[in-house]
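Scroll down for the structure; my scribbles are underneath it.
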Amino acid sequence: MMNPTPPFYCIAHAPFNWKMPDFMTMVGSGDYVPETGLAMSQLLSPEEALRNRYLGEYLALFEIRRRLIAERAEGFVGFCHYRRFALTEPIGVLHQFNYHAHPDMLAKVQPEHFYGDGQTPIVPISVTWAGTVLQQYEACVTGRDLLMFFGDAIDCGVISNLEAANFLSGKAFIPAPTVAFIPVQWFVEIIHDLELVASRYYRHHYVYREGYADRSIAFCCERLQAFLLAKRIAAWGQDKVIQRPLVLLGETYPNL
């Protein structure tokens, strides 16, 4: 007999045109207030909620961590973005390292495809890039920020010098590691470490970037979270984890 549906959060920064499964709790980041669920602009002050401009979905994750601790949550917890999902049975067409699917296809996905048996981690695949993790970051934004962020992670005791050197000079990491179904303990511990490092980075090393590049803290959190998640997957047992390419919804499918 299945246990009750584990808590599952869907984070969105703006309205969208398709229906999410009923078991999910909608979480509105920034000033977005979903019809039901949680809104950061109501849980936090409006000024605090707008910190998502450089924290992205991590601002919401920091708050969800505190809620799970207050609720003494155990077992597993799931997360998705409004258009990005980790499924046991992906839908759509595989293109590069994501499955691309039209939003209409979401209605055919069974709840169990989001949380499996409720006791097995479901995570995105690790992707190998043409260059190192640091080179890949530099090609997209500014490498200096990632170096400073990982330096702060070392100073906070979250990662060792050797771990940082090996990860940044490696060629693989898990993109969008937030989108996953994992033990509550993993989530609470990882997000604690990310908030600790992000706070130190913001105080000492944050630099304003024009436009989308101002999400430097979120981009850096993604890389560090990828490393911390990979460590836990390895300790759990690679063969005991479900790893799939993420499903990305887009109304232009199938014209990729």
Side-chain angles (χ1 to χ4, degrees), residues 1-29 32-39 56-58 60-61 64 67-68 73-127 174-184 186-187 190 222 225-226 229 232-233 236 238-256:
M1 181 176 178
M2 283 288 295
N3 293 325
T5 304
F8 211 109
Y9 298 91
C10 177
I11 300 174
H13 68 278
F16 48 94
N17 297 323
W18 50 91
K19 186 179 185 303
M20 301 304 299
D22 292 337
F23 65 84
M24 291 186 181
T25 298
M26 290 303 305
V27 181
S29 63
Y32 173 48
V33 179
E35 291 184 9
T36 61
L38 309 172
E57 72 268 22
Y58 287 96
L61 295 177
I64 292 171
R67 293 176 69 89
L68 291 174
E74 298 180 340
F76 278 64
V77 62
F79 295 89
C80 66
H81 300 162
Y82 69 102
R83 62 190 295 260
R84 199 182 305 268
F85 309 92
L87 302 175
T88 59
E89 301 292 335
I91 55 175
V93 175
L94 183 61
H95 178 66
Q96 297 180 344
F97 55 88
N98 289 316
Y99 278 91
H100 292 253
H102 191 279
D104 290 348
M105 300 177 71
L106 187 62
K108 300 178 181 180
V109 178
Q110 298 299 310
E112 293 79 13
H113 293 155
F114 289 93
Y115 51 76
D117 62 4
Q119 303 174 49
T120 303
I122 305 169
V123 297
I125 60 170
S126 180
V127 174
I174 302 171
T178 294
V179 182
F181 180 77
I182 58 176
V184 170
W186 288 15
F187 174 77
I190 290 172
E222 179 185 12
Q225 183 179 11
L229 178 60
R232 284 162 174 81
I233 292 171
W236 183 277
Q238 197 83 34
D239 60 334
K240 299 176 183 176
V241 172
I242 298 171
Q243 286 192 278
R244 300 284 188 272
L246 293 181
V247 172
L248 183 63
L249 299 187
E251 294 180 336
T252 59
Y253 166 88
N255 298 315
L256 301 176

Inset, instruction - Compare every heavy atom of P245 with every heavy atom of I125, then report the nearest pair and how far apart it is. - result: CG2-N, 3.5 Å
Inset, instruction - Check whether any side-chain heavy atom of I122 lies under 4.5 Å from a side-chain heavy atom of R244, and answer yes or no. - result: no
Legend entry - Side chain proximity check, Q243 to Q238, heavy atoms < 4.5 angstrom: yes
Inset, instruction - Report yes or no: does W236 contribute a side-chain atom to a donor-acceptor pair with the main-chain N or O of T120 at less than 3.5 Å? - result: no
Inset, instruction - Can you see which heavy atom on P121 is nearest to which on F76, and at what distance? - result: N-CE2, 3.6 Å
Inset, instruction - Indicate yes or no: at least one non-hydrogen side-chain atom of F8 is less than 4.5 angstrom from one of F114. - result: yes
Legend entry - Side chains of I182 and L229 in contact at under 4.5 Å (non-hydrogen atoms): yes
Inset, instruction - Might you point out which heavy atoms bring A101 and V247 nearest each other, and give the distance in Å? - result: CB-CG1, 4.2 Å
Inset, instruction - Would you give the length of the straight line joining atom CG of L106 to atom NZ of K19, rounded to the nearest 0.5 angstrom? - result: 9.5 Å
Inset, instruction - Enter the distance from T36:OG1 to M20:CE here, rounded to the nearest 0.5 Å. - result: 11.0 Å
Inset, instruction - Give, for atom CZ of R232 and atom CZ of F187, the distance between the pair rounded to the nearest 0.5 Å. - result: 12.0 Å
Legend entry - For the student: nearest non-hydrogen atoms of G37 and T25, plus distance: CA-CG2, 4.2 Å
Legend entry - Spacing of CD belonging to E112 relative to OG1 belonging to T5, to within rounding of 0.5 Å: 8.0 Å
Legend entry - Minimum side-chain heavy-atom gap L87-Y99 below 4.5 Å: no
Inset, instruction - First locate atom CZ of F23, then atom SG of C10, and finally report the distance between them rounded to the nearest 0.5 Å. - result: 9.5 Å
Legend entry - H13, NE2: over 12 other non-hydrogen atoms inside 6.0 angstrom: no
Inset, instruction - May I ask you to decide if L249's main-chain N or O and R83's side chain share a donor-acceptor pair within less than 3.5 Å? - result: yes
Legend entry - Nearest non-hydrogen partners of P177 and Y58, listed with the distance: CG-OH, 4.5 Å
Legend entry - Polar contact flag, side-chain donor to acceptor under 3.5 angstrom, Q225-T178: yes
Inset, instruction - Taking the side chain as every heavy atom from C-beta outward, state whether H113 and I91 have any atom pair closer than 4.5 Å. - result: no
Inset, instruction - Would you give the length of the straight line joining atom CG of L248 to atom CZ of R84, rounded to the nearest 0.5 angstrom? - result: 5.0 Å
Inset, instruction - Report yes if some heavy atom in the side chain of I174 is under 4.5 Å from a heavy atom in the side chain of I233; otherwise report no. - result: yes
Legend entry - Considering all heavy atoms, the nearest V179-C80 contact: CG1-CA, 4.1 Å
Inset, instruction - Could you check if a side-chain atom of L61 sits within less than 4.5 angstrom of a side-chain atom of F79, using non-hydrogen atoms only? - result: yes
Legend entry - Exercise: do E89 and Q110 side chains pair donor with acceptor under 3.5 Å: no
